[in-house]
Amino acid sequence: MPWRDIPLDDRTDSAAHGRREIRRLKICTVRPGLSFPHACQAIQVKRRRTNRKTGKTTIVTIYAITSLNPYQATPAQIAALIRGHWSVEALHHIRDATYREDHSKIRTGTTPRAMATFRNIAIGLAHLIGWDNIAAAIDHYRAHPDHGLQLLGLTD
């Protein structure tokens, strides 16, 4: 795609978690016959992230396609959809990296879904009470199970 010639459609600038992030989005309509049968638009997202402590800047470019045509979603809506997708991916990363969910031997019936729900609840509770590092929260409550029971209101 001729990305250099395509105008910028959306730009966001945010600061959180000790870093500043600028996201730039370009969208172009694709021609029929692309290898992706329902593709209507191609998307380029450039993310420039600067660590405020170290000053180190990284630039990442991602490409995506969507079956949404320009009348179904604005560039800002597409940018929000992409950000929403990454928040889901972040949750899956925590479940796999911290809980090693992909290595689980639980594979039958409704038990895998129930375990994923319990993990999501634990992650949500940890975030709700201020833990940023889920592995550290797990280590803490493993070493101090009484704290977890108190948190849930199950002890005096």
Inter-residue atom distance [X].[atom1] - [Y].[atom2], 0.5 Å rounding:
| X | Y | atom1 | atom2 | result |
| --- | --- | --- | --- | --- |
| Gln41 | Asp9 | CD | CG | 8.5 Å |
| Ile123 | Tyr99 | CD1 | OH | 5.0 Å |
| Leu125 | Leu152 | CG | CG | 6.5 Å |
| Arg47 | Leu25 | CZ | CG | 13.0 Å |
| Gln72 | Cys40 | CD | SG | 7.0 Å |
| Ile27 | Asp10 | CD1 | CG | 7.5 Å |

Inter- and intrachain pairs under salt bridge (charged side-chain N to carboxylate O under 4.0 Å, His left out), touching residues 127-149, at least two apart
Asp139-Arg142

Is the shortest heavy-atom distance from the side chain of [X] to the side chain of [Y] under 4.5 Å?
| X | Y | value |
| --- | --- | --- |
| Cys28 | Gln44 | no |
| Arg119 | Glu101 | yes |
| His38 | Thr66 | no |
| Ile138 | Thr98 | yes |

Group every Ile, Leu, Val, Met, Phe, Trp and Tyr by side-chain heavy-atom contacts under 4.5 Å, then state whether Val30 and Tyr63 land in the same group.
yes

Do Ile121 and Leu154 share a hydrophobic cluster (ILVMFWY, side-chain heavy atoms under 4.5 Å, transitive)?
yes

So for atom [atom1], which belongs to [X], do other residues, nucleotides or ligands contribute more than 12 heavy atoms lying within a distance under 6.0 Å?
| X | atom1 | result |
| --- | --- | --- |
| Tyr71 | OH | no |
| Arg107 | CZ | yes |
| Arg24 | CZ | no |

Could you go through the side chain to side chain contact (heavy atoms under 4.5 Å, CB included) check for Ser67 and Phe36 one step at a time?
CA-CA 9 Å; Ser67 60; Phe36 301 93; over 6 Å; no

Any Lys/Arg nitrogen of Arg48 or Glu21 sitting under 4.0 Å from an Asp/Glu carboxylate oxygen of the other?
no

Is a salt bridge present between Asp13 and Arg20, judged by a nitrogen-to-oxygen distance below 4.0 Å?
yes

Test log, rule side chain to side chain contact (heavy atoms under 4.5 Å, CB included), inputs Ile129 and Leu151
CA-CA 9 Å; Ile129 60 172; Leu151 180 66; 3.6 Å; yes

Closest heavy-atom pair and its distance - Ile78, Ala73:
CG1-CB, 3.9 Å

Please check: side-chain N/O of Asp96 versus main-chain N/O of Asp102, any donor-acceptor pairing under 3.5 Å?
yes

Could you tell me whether a side-chain N or O of Lys26 sits under 3.5 Å from a main-chain N or O of Ile6, the two making a donor and an acceptor?
yes

Pair Arg49-Thr58, side-chain donor/acceptor within less than 3.5 Å:
no

Out of Ile62, Ile82, Leu68, which residue meets the side-chain contact (heavy atoms from CB on, under 4.5 Å) rule with Ile43?
Ile82

ring-ring contact (aromatic ring centres under 6.0 Å, His included) partners of His140, counting only residues at least two apart:
Trp131, His144, His147

